[in-house]
Engineer: 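Once you've had a glance at the structure underneath, I'll fire off some questions.
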Amino acid sequence: MSFLDALIDHINYIGAMALFVIGLHTVVTHSNLIKRIMGINIMGTAVFLFFVAIGNVTGGVPPIIDQTNPDAVYINPLPSVLILTGIVVVVSITVYSLSLVIRIYETHGTIDQEEIAKMTSEDRDQ
Amino acid sequence: MITQLPIINLLLFLGMALIIPLFKKRSFSLTTNLGLGVLFLVWISSIVLLYHVITEGAFYYQLGNYDRMLGIELLINTFSVLFSLFIVSLVIIIYIYSTGDATEGVAEKEYGRYYILLFILLFAMLGILYTNDLFNTYVFMEILSITTVSIISIKRKKENYTAAFRYVMLNEVGSLSYLFGVALLYMITGYTNIELVSEGVQSGWSLYPANILTAIGFMVTGIGIKAAIFPFHIWLPDAHSTAPSSSSAILSAVVVKVYILIMIKILFRVFGIDIIQAVHIPTVLLVIASIGMIMGSIFAIAQTDVKRMLGYSSVAQIGYIVMGIGMVSMLGLQAAFFHIFSHGLMKAALFLSVGAVIYHKKIRNVNEFDGIGFQMPVAMFVFSIAALGMIGVPLTTGFISKLNLGLAALDAGQVVLIVVLIVSGFLNALYYLPIMISAFLKDNKDQQRVMRVEKIPKTMLVPLVVLGGLIIAIGLFPGELLSLLEAAALSLT
Amino acid sequence: MGLFKKEGKTCNMPYVKKKGFFGSFTIQSSLVVLFALVFIALFIIGVRGDLGILSFVQDIYVLRVIYDFLIHLAILPVIIIAFPVLGVFGLMLFGRNSCNSRDMIVIFMTLFTILFTLFMYPAVLEEGVHLTIPSILWLGISFSVDMLGFTMLMITSLLWLLVMVYAHEYMKKEMHCNRFFVFMGITYSAVLGTIMAGDLLTLFLFFEIMTFASYMLVIHGQREDSYHAGYNYIFMGIIGGFAILVAMMLLYFTVGDLAFTSGIATLGELGAMKYWIIGLLVFGFGIKAGMAPVHVWLPRAHPVAPTPASALLSGIMIKLGAYGILRVATSYYFPLEGTPGGDPVWLTTHAVGSAIIWLGIITMAVGVFFALQQSNIKRMLAYHSISQMGYIVMGIGVALYLGDLGAMGYAGAIYHIINHALFKSLLFMVAGVVFYHTGESNMYKLGGLWRKLPLTATVCLIAALGISGIPLFNGFISKSILHHGIVEAHYYGHGLFYYAELIFIVISAGTVASFIKLFYYVFLRKMPEQYKSIKPEYNNLDTAMAVIAIIIVFIGLNPRFIMTTFIVPQLNSMPYSSEFVQTYIVGLTFFTTEDLLTMLVVVIMGFGIFIFGTKFHLFHLKIPYWLSLEYLVFYPMNWVIRNACQLMYGDECKYNEKTLKRLALKNNKEIGFLDRFVIMANVFNVRYEGRMIKSDAFIYTVFITGVLVFMLVMRAL
Amino acid sequence: MNDIIIKSITRLIIPFIQLYGVYIILHGHVSPGGGFAGGAMIGTSLVLYTLVFGIDKSKQKFSHRVSEYAESGGILLYVSLGLIGIVITGSFLTNIEAGFPIGNPGSVLSGGMIPLLMVGIGIKVASTFITLFHTLIEEEVV
């Protein structure tokens, strides 16, 4: 019972971990470049979820000053603010890598990493 | 007013990057001259700051006067100022060179963009050094990554795209690992300010060991990826070899070092020596450094593209620095710092001289270097000085770093490391010496040797000569620098 | 052999054609040499106060002021080191267009070094010249010249002058003369610095510079074999340098000081570490000295270098290896002066010494054995250099082994350093002259040259008698002192050294035989047809050779001069028993019946070996390749490398097939170990690089898991 | 996309989206939202415009040059506001101490210079969004 309690208490952490592993698995196993970018995004989401979950206070309210309820418990806004920045960063990275994928498709004619590696190693042997 | 200088440095770089697009219609030399002016201003202000920090001691700078628990805080101590001075000085030299050779593979309309990226790069590097905040470090690190990858892919060639993509993928994994570590630390301490986190970590070590342990693992691995420590070096040779020569020099000589400095900051300022020794991180570092020193050289031996070879050589040299860190002693840290300096100088000289050869002769293959020394005496002479430094011949900075590292290894009681050091130095000789020999002693294969001396711009020659001179000068008189570095190492604790 | 490159394209500068029998350059340079010799003799005699020259100089005010100023100049070592470098600049500025003016600059630069070296003599006699320059190279470098250093300086600078005089004529037939003289100058500067070093760091600094500068001399011919030899030379040099570097770090860490002062008090407590330090130092310097297991570069590098360079390589540079061993051993491993003989601190010295003696003996044997097999003159001389270095190393070993009674070995080693420098460089010069006139260096294809080159034949005979140790020539003196040394090692020390003495005698006989062979095949016999047209002429080559020959004979006739001037003062400043030095060294009588008889036995044995060898064609015997040292040492490594490639790829390797075939070659002559290693690195790279790059995230996963598990496990433990 | 319904509705809806974006930007400090969120909304409205009316027309409205100036200008606004702090009190980005008005909690003017900073961020984010989108669909990358 206590195990289940602990599970439910920490469900957001566990979720974040699971997402992280899923993302990593995607990056490791897939050779399609776009899928790898998606994997990175999933990993990013996992970390953000984890970060935001830290700031959560059970029963807390959004941290906006409310004159009617002066002694409300606010959740910690700082992680959310930080993560906003993190999201911006990951968005830009994603956009950048997608544009690179477009370029790679134009120059190599494929977005499969195995094939690209094969092509480059052939280039090098010549 | 002096206390305002750090933020002014940052803003100067940022402002310069923002102004360049507005100058699009004007002549390009205006941009480069303005940029040089900005660099010199920052250089002078860094010197002033260094003097101030040494005489008056370190100081904090709160952005917007917010409390350090909430706001961003800059810490200006010997460590950050010395290394920012190092970065700016080296970049000035490379910048002057690049005004002659930004052309290598970069389209003319991209010049402006190249300098925008360069200044944002500088902004991010200085930010990383100054900031006293873990999350802020992350943000600057990401700015650095994006600008780096843009610089790598600024040449519109297909190998640039694959190299840049590889860089993005692995580095993003690294950044996320780092952020995950920050999250774990935030979880137990509730701060992102390095000092507050450090206090929290020290007191929370007994309560939440699992958290801290995982955080160390993830942060070290994440930064290890970005610093190209051995098993994660895979992105480096391609990325550094495909970039334009001047930016390869910046990437290899400076950018990678910045990540190592972050690692030093995290290991020594956030966790502290006690904790990292308790979880045996030094052992891990020493092992991967040793493997990296050997394997990097072995991979370098096999390369035919000279810039890829230099890239792998960087991998090996990063191993030297990590080894110094892994000894977790004052001497080791000092040796690592010195090697950051000396490798910065030597690798910049190597990349720039090779860049001059590529610019003039359009050859990149190591086997085609026969007789180049007669056609490009200055470039190959500087190359030779730097290469001898890599081998560790006396009178160059490389010898002093080797001596320092060796003494630090003895001090740490690790005699095995000296063997690694020597073997790595020997392997370095194995791939640098043949290039020098064929450049100066063999005749050109396809044509009778013609005494056509190099016709590369003066703006490229002068930086080369300055770098060569600095390598020898610091190799001859390292005392001052070493005492400064000792102060920097002391300011970490 | 320094084959002259590309017919017709020689030193491409106009040089003044000589008029008459002697060229004007020959006369000038001969006068310079004469001046140097007279000045040296007068100065040394004057300072020792024998003929009242000093008081004569002191009487004239101007001379006295100059003299006082010069002998008290503290920066003399720096000046001496700077002179060759100045000469290099001078010849780059003024000597580019004329052979004669360039060579005059070089010769005068060498002359000035001699003069300034001499000015140190009065100070050296008292307490030595000491100069410290702090903060250079972090630890600071220092110079210190004592009698040992002064002796080395004298012989070096004198020989250098003579070789430079010789090189003027010889280099006319070589390419890239300017480059040669530039690097000659740098090498000279480094050699002087090495000798004058006051601590190990300075020694190491100049030693490394010398390695890299002399590489350019070895490779001068720019042919395939010189590249091979140079490759060998530079990498062995680097390995040696690293060995010294490690030893230096260990020393600095344990003793805290690198100056050449006694460190035995600290070192004695270290256990195995002290043997590691001296082992690394002996290994590092031994590579340069051509010591037995690591001599392999020497017989390749010396023959391919141009003759002036090989004369100096054999005459001076390999001595620096021995000098290094002697210097570090006698400074770090010797107790302070006045330590009694039975003191336990000698134990370390004793152990180190016995090892060095055997190394020397092995080196001697290996050198002579291979020398007898050679047909190329310069290669034979190179092997003899190894063997003679064995004598010197053995002398050093005796000097250490016998503790306070080792003065005999020390004296022998120093004396032999001087002698060997003289006769070996003379022999190389002879080989050079023969090659200069005939273009041939295979001794079996030469013959009867004494008719055409009478002076060369004479000096060759003198040098051969010298190296064979015939009485009245200098080799006899040093060899008999060394023989005394090894006999004493047997007498005072372990009985096993009896066999060392036997080997010593047999090897001396081998030396005699091989020089009989050299002289017989080159100068006697019937002359082949094609050499009939050689015209005898006298030029710089002969000046240099004649002077060295005269010095050899002078030393042979007057052995006590070197002994009392140079060697006894050194012994007095060492912790040797002064009683022993007085009785046995100062009172040493040469030409005793016993020594002469030993020598007679040696000579008879030598003739025996020669006759026996020619009769049964033993000198043409090629020993099977699998017996050679390189094969034995590198075979296991090569085996490992070959199989590593197999392991990586199996049978289908995508790597360049031609290169891969080279890797599989069984014969080490065609492909060196380093080449093999590079090819293996290539194969390794092709195999794993792409794969590693592809599996980027996988490596990350494995690493992070590994690190976390490692930390958890270590914490749990 | 030549559908008249979509075009009309887009025309109709874009001003409201942008107005809402501006609202979000200006009220960032008193309610959830802020420069990034509001800027993203404005940027998205422009993306929507591009999707519906095509890249050429969109370029006329919001050319590359304008977006470049907007991007630089957004940050420059931010930086110059921060510089006021340096001049007056000696710290970058100082808010209330630098003399910006402090109002009642909950009202727009209560944040000192925060709304102004948010305007800068909003401009930057909006222009960045549209630039990124344009470069991606033009495949004129880097």
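Throughout, a chain's letter reflects where its sequence line sits, starting with A, and its residues are numbered from 1.
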Engineer: Side chain, backbone, both or neither: which part of B/Ile391 has an atom under 4.5 Å from a heavy atom of chain C?
Structural biologist: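 Both backbone and side chain of B/Ile391 come within 4.5 Å of chain C.
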Engineer: Could you walk me through whether B/Val423 and B/Leu427 satisfy the side-chain contact (heavy atoms from CB on, under 4.5 Å) test, starting with their C-alpha distance in whole Å, then the side-chain angles of each, then the deciding distance to 0.1 Å, before giving a yes or no?
Structural biologist: CA-CA 6 Å; B/Val423 170; B/Leu427 293 175; 4.2 Å; yes
Engineer: Does any heavy atom of chain B fall under 4.5 Å from the side chain of C/Leu250, the backbone, both, or neither of them?
Structural biologist: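 Both backbone and side chain.
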Engineer: Can you label the angle between the C/Phe206 ring and the C/Phe143 ring as parallel, tilted or perpendicular, going by 30° and 60°?
Structural biologist: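 Aromatic pair C/Phe206/C/Phe143 classed tilted.
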Engineer: Quick check on the 6.0 Å ring-centre criterion: do C/Tyr688 and C/Phe684 meet it?
Structural biologist: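 Ring-ring flag for C/Tyr688/C/Phe684: true, centres closer than 6.0 Å.
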Engineer: Specify which of B/Asp411, B/Val220, B/Ile225, B/Ile418 makes the most heavy-atom pairs with chain C at under 4.5 Å.
Structural biologist: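 The residue among B/Asp411, B/Val220, B/Ile225, B/Ile418 with the greatest pair count is B/Asp411.
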Engineer: Is it true that a side-chain atom of B/Trp235 and a backbone atom of B/Phe232 form a donor plus acceptor pair closer than 3.5 Å?
Structural biologist: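 At least one qualifying donor-acceptor pair exists.
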Engineer: Dump the intermediate steps for side-chain contact (heavy atoms from CB on, under 4.5 Å) on B/Phe426 and B/Ser297, then the final yes or no.
Structural biologist: CA-CA 9 Å; B/Phe426 184 74; B/Ser297 300; over 6 Å; no
Engineer: Does a donor on one side chain and an acceptor on the other come within less than 3.5 Å for B/Tyr178 and B/Thr221?
Structural biologist: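 On atom types as modelled, these side chains do not qualify, holding no pair under 3.5 Å.
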Engineer: Heavy-atom pairs under 4.5 Å with chain C: which of B/Leu481, B/Leu421, B/Ile301, B/Ile281 has the most?
Structural biologist: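 Most pairs with chain C among the choices: B/Ile301.
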Engineer: Checking heavy atoms, do the side chain of B/Ile474, its backbone, both or neither come under 4.5 Å from chain C?
Structural biologist: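 No part of B/Ile474 comes within 4.5 Å of chain C.
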Engineer: Between B/Tyr312 and B/His233, is the gap from one ring center to the other below 6.0 Å?
Structural biologist: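 Yes.
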Engineer: Could you tell me whether the side chain of B/Asp238 reaches within less than 4.5 Å of the side chain of B/Arg166, counting heavy atoms only?
Structural biologist: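 In contact.
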Engineer: Given the side-chain rings of C/Tyr231 and C/Tyr227, with only the six-membered ring counted for Trp, is the space between their centroids under 6.0 Å?
Structural biologist: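 Centroid separation for C/Tyr231 and C/Tyr227: 6.0 Å or greater.
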Engineer: Quick one: which residues of residues 240-247 of chain C reach chain B at under 4.5 angstrom, heavy atoms only?
Structural biologist: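 Listed by number, the contacting residues are C/Phe242, C/Leu245, C/Val246.
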Engineer: Classify the side-chain pair B/Asn365/B/Thr304 by whether it contains a donor and acceptor separated by less than 3.5 Å.
Structural biologist: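 Looking only at side-chain atoms, B/Thr304 and B/Asn365 do not form any donor-acceptor pair under 3.5 Å.
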Engineer: Got a donor-acceptor contact below 3.5 angstrom from the C/Thr202 side chain to the C/Gly198 backbone?
Structural biologist: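 Not at all, since once roles are kept as given, no pair shorter than 3.5 Å links the two residues.
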Engineer: Can you tell me which portion of B/Leu213 sits under 4.5 Å from chain C's heavy atoms? Options are side chain, backbone, both or neither.
Structural biologist: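 For B/Leu213, backbone and side chain are both near chain C.
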Engineer: Do B/Ser177 and C/Tyr700 pair up side chain to side chain, a donor and an acceptor below 3.5 Å, judged on atom types alone?
Structural biologist: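 Their side chains do contain a donor-acceptor pair, which is all the 3.5 Å distance test asks for.
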Engineer: Considering only heavy atoms and a distance below 4.5 Å, find which of B/Gly392, B/Gly217, B/Ala278, B/Gly224 pairs most often with chain C.
Structural biologist: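 Going by pairs under 4.5 Å, I would pick B/Gly217.
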Engineer: Identify which part of C/Met248 has an atom lying under 4.5 Å from any heavy atom of chain B, answering side chain, backbone, both or neither.
Structural biologist: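 Just its side chain gets close to chain B.
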Engineer: Under 3.5 Å, is there a donor-acceptor pair linking the side chains of C/Tyr233 and C/Ser214?
Structural biologist: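 Yes, a side-chain donor-acceptor pair sits under 3.5 Å.
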Engineer: With a 4.5 angstrom heavy-atom cut-off, could you sort out which part of B/Leu410 is near chain C: side chain, backbone, both or neither?
Structural biologist: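 Backbone plus side chain of B/Leu410, per the 4.5 Å heavy-atom cut-off to chain C.
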Engineer: With a 4.5 angstrom heavy-atom cut-off, which part of B/Pro237 approaches chain C: side chain, backbone, both or neither?
Structural biologist: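 Neither part.
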Engineer: Only pairs of heavy atoms separated by less than 4.5 Å count here; which of C/Met692, C/Lys694, C/Met216 has the most with chain B?
Structural biologist: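 The candidate making the most pairs under 4.5 Å is C/Met692.
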Engineer: Check each atom of C/Ile219 against the heavy atoms of chain B and say whether the ones under 4.5 Å are side chain, backbone, both or neither.
Structural biologist: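 Only the side chain of C/Ile219 comes within 4.5 Å of chain B.
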Engineer: Does B/Ser424 use its side chain to pair, donor to acceptor, with the backbone of B/Val420 at less than 3.5 Å?
Structural biologist: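 Absent.
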Engineer: Does any heavy atom of chain C fall under 4.5 Å from the side chain of B/Phe218, the backbone, both, or neither of them?
Structural biologist: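 Looking at B/Phe218, backbone and side chain both touch chain C.
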Engineer: Are C/Thr254 and C/Lys274 linked by a side-chain donor-acceptor pair shorter than 3.5 Å?
Structural biologist: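 Judged by distance alone, the side chains do not pair up.
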Engineer: Tabulate, in ascending numerical order, the residues of residues 400-407 of chain B having at least one heavy atom closer than 4.5 Å to a heavy atom of chain C, or enter 'none'.
Structural biologist: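 Hits under 4.5 Å: B/Ile400, B/Lys402, B/Leu403, B/Asn404, B/Gly406, B/Leu407.
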Engineer: Mind ranking C/Leu708, C/Ile238, C/Val707, C/Leu139 by heavy-atom pairs under 4.5 Å with chain B and telling me who comes out on top?
Structural biologist: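 Looking at each of C/Leu708, C/Ile238, C/Val707, C/Leu139 in turn, C/Leu708 comes out on top.
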Engineer: Quick check on the 6.0 Å ring-centre criterion: do B/Phe374 and B/Phe440 meet it?
Structural biologist: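 Distance test on ring centres: not under 6.0 Å, no.
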Engineer: Of the backbone (N, CA, C, O) and the side chain (C-beta and beyond), which part of B/Met436 lies under 4.5 Å from a heavy atom of chain C, both, or neither?
Structural biologist: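 The answer is neither part of B/Met436.
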Engineer: Is a side-chain donor or acceptor of C/Asn682 paired with a backbone partner of C/Val678 at a separation under 3.5 angstrom?
Structural biologist: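 Yes; judged by distance alone, with no hydrogens or angles, the pair exists.
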